[in-house]
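The structure appears below as structure tokens.
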Amino acid sequence: YLGYMKSIFIGGSLMAAGYLTIALPGEYTAYISMGLIIIGNGFFKPNISTLLGNMYNREDLRPLKDNAYNIFYMGINIGAFFCNFIAAILRNQIGWQAAFSAAGIGLIIGMIALAFSLKHVKEYDVKRPMQPGDMPTSKILGSVFAPMIVFAALGWIIPGNIFGSDSSDAFILACVPVIFFYVTLWRKEKGEDKKGIGALLFIFAVSIIFWTIYNQNSTGLTIWAESHTDRSIPQFMEGPADAVYTLQNLETKPQQVDSMDSYMRVVTDDSGHAIKTMGPDPYFANMPQDQWPANGVAKVGNTELFQSINPFFIVAFTPLLILFFAWRVKRGKPISTASKFAWALVIAGLSALVMVFAVMSVPSIYTHKTSSMWLFLTYGIFTVSEICLSPIGLSFVSKLAPQRLTALMMGGWFISTSLGGKVAGVMASSWDSMHDKRIFFGVIAVAAILGGLLIFSRVKSLDKIVKDKTGSAV
């Protein structure tokens, strides 16, 4: 209806407005800004991903589509790598408002750059005509969006909780009409298109497990980095790191802090407010006192810096994996797109298993901190799986979705990412109650490996669907 380029600019503008709004004072600005960011993201991500697929639908470029999405994904992660350093510097020097504002300003700069480069992509901004049986926008809003709001409201108001909280119930129930819509799309299609959409829906469903592990980056692994990781850095790096304001100075002298129990949970009063006490910075709660700094001040890296590990590995590993996949093709043993998905789930499971060993590396994570190397190792292993699944998933949608429905199916791919994020959030809400973190990480490790085996059991049929649609399973 709008076309890809208009949708990208609308989405980018809404997200920029959201990040700039969140920096403003006010009780409701966070809700308004999150709404703008969510709606903007819905316009932006599916359409920019589809536009790239359109560029590589040319006969001479089609064999390079997987590599194109890998390079696209690598470019995204170059920004993801640097943004955490910028956020840490602005947060330490000015405050959170400046860090959020920087995201909005960055989006505006990006859209200006895109506007000056439109001549290179304009021919791929193609509007596909509607086919018999396709739903007009008004009907989609009425049959999907309106029921989604109703289901969300029901999830919020029903007594008790099904998925742990009112917001979780609202989110999960709101997804029901959307999922029904995609299943209806599949049922209405015929021939190759029906098989293609069916294969996509299968991959979307299994990929939720992968995205649950992926989103540990901003949930479980961030809590782990904040509370259970030794964030000290080598002494020779303290000077340069301090010069660019990426270090925190944490003191052991008594100060007003939240009271915590033996499992490092904040103790609250009857009204739910944290009980205050005098003690060292909470960072030292699970550090033996004989390891405290002699001068009473520890210089440690900001927690958000650990989120740059994954983007760094993506930028470093992507060229290597592209070369590996090309080498396999030259040897006549290419790895099919479906096989990459299966391996991605198995490898993601192994990355979660690393954290089980991290828990076991100290007598107790509530009395001792673990080495930061465990986070580097789990991120490193997970990055291999992410390169095999996330950009390849975008390519897979571009290959199998009917051309007139590509952006819509891209939306389905991003729904699976949001469901994975929600599951990760629900798991994070049980972080404090699940004392044995081996179970926390072990559950998602087993689920991912089983998900990978499930895809392996369907690889032949998936490869055939891709080959029938595109002429090649790779």
Side-chain angles (χ1 to χ4, degrees), residues 81-82 84-96 98-99 217-218 220-268 274-310 312 354-380 431-432 435-438 441:
F81 173 77
F82 287 109
N84 297 303
F85 290 93
I86 294 170
I89 293 168
L90 292 173
R91 195 253 287 200
N92 289 343
Q93 288 300 104
I94 304 174
W96 284 112
N217 186 13
S218 55
L221 292 181
T222 294
I223 299 171
W224 184 272
E226 174 74 20
S227 303
H228 300 289
T229 298
D230 180 359
R231 290 187 277 127
S232 60
I233 65 172
Q235 195 166 6
F236 73 91
M237 290 180 62
E238 282 188 4
D242 211 10
V244 293
Y245 311 111
T246 56
L247 292 184
Q248 292 176 285
N249 294 321
L250 307 180
E251 299 181 349
T252 60
K253 71 179 183 180
Q255 54 198 285
Q256 191 177 67
V257 295
D258 293 341
S259 180
M260 292 192 291
D261 64 15
S262 59
Y263 291 108
M264 298 180 67
R265 298 174 298 191
V266 175
V267 179
T268 59
I275 297 174
K276 300 295 182 179
T277 187
M278 297 300 290
D281 187 275
Y283 176 77
F284 301 102
N286 59 342
M287 180 183 289
Q289 198 160 349
D290 60 1
Q291 296 178 18
W292 289 10
N295 65 354
V297 179
K299 289 182 177 290
V300 301
N302 282 58
T303 303
E304 55 263 43
L305 296 181
F306 284 89
Q307 294 198 19
S308 284
I309 299 172
N310 173 242
F312 169 78
V354 167
M355 293 308 298
V356 175
F357 291 111
V359 176
M360 297 166 60
S361 68
V362 292
S364 169
I365 61 171
Y366 303 109
T367 59
H368 293 73
K369 289 193 178 294
T370 61
S371 169
S372 60
M373 287 299 105
W374 290 108
L375 283 176
F376 279 89
L377 184 58
T378 192
Y379 278 129
W431 180 270
D432 286 342
H435 304 152
D436 191 344
K437 299 300 186 282
R438 291 175 300 179
F441 292 111

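Numbering starts at 1 and runs along the sequence shown.
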Looking at every non-hydrogen atom in both residues, tell me the closest pair between [X] and [Y] and how far apart they are.
X: Ile365; Y: Met264; answer: O-SD, 4.1 Å
X: Ala358; Y: Thr370; answer: O-CG2, 3.5 Å
X: Tyr379; Y: Phe306; answer: CE1-O, 3.7 Å
X: Gln248; Y: Gly301; answer: OE1-O, 4.0 Å
X: Pro282; Y: Val257; answer: CD-CG1, 3.9 Å

To the closest 0.5 Å, what do you measure between [atom1] ([X]) and [atom2] ([Y])?
X: Ile309; Y: Phe81; atom1: CD1; atom2: CZ; value: 10.0 Å
X: Gln255; Y: Thr277; atom1: CD; atom2: OG1; value: 11.5 Å
X: Asn286; Y: Ser262; atom1: CG; atom2: OG; value: 12.0 Å
X: Ser227; Y: Met260; atom1: OG; atom2: CE; value: 7.5 Å
X: Asn217; Y: Asn310; atom1: CG; atom2: CG; value: 5.5 Å
X: Gln289; Y: Thr252; atom1: CD; atom2: OG1; value: 8.5 Å

Hey, are the side chains of [X] and [Y] touching, using non-hydrogen atoms and a 4.5 Å cut-off?
X: His368; Y: Met287; value: no
X: Leu377; Y: Phe357; value: no
X: Phe441; Y: Thr378; value: no
X: Ile275; Y: Thr268; value: no

Please, which pairs that meet salt bridge (Lys or Arg N to Asp or Glu O under 4.0 Å) have at least one residue in residues 286-301, sequence neighbours excluded?
Asp242-Lys299
Considering only residues two or more places apart or on different chains, which pairs with a residue in residues 258-267 satisfy salt bridge (Lys or Arg N to Asp or Glu O under 4.0 Å)?
Asp258-Lys276, Asp261-Arg265
In terms of the angle between their ring planes, are [X] and [Y] parallel, tilted or perpendicular, with boundaries placed at 30° and 60°?
X: Trp431; Y: Trp224; result: perpendicular
X: Tyr366; Y: His228; result: perpendicular
X: Trp292; Y: Phe284; result: tilted

More than 12 heavy atoms of other groups within 6.0 Å of Tyr283 OH
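Result for OH/Tyr283: enclosed.
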Residues in salt bridge (charged side-chain N to carboxylate O under 4.0 Å, His left out) contact with Asp432, at least two apart in sequence or another chain
none
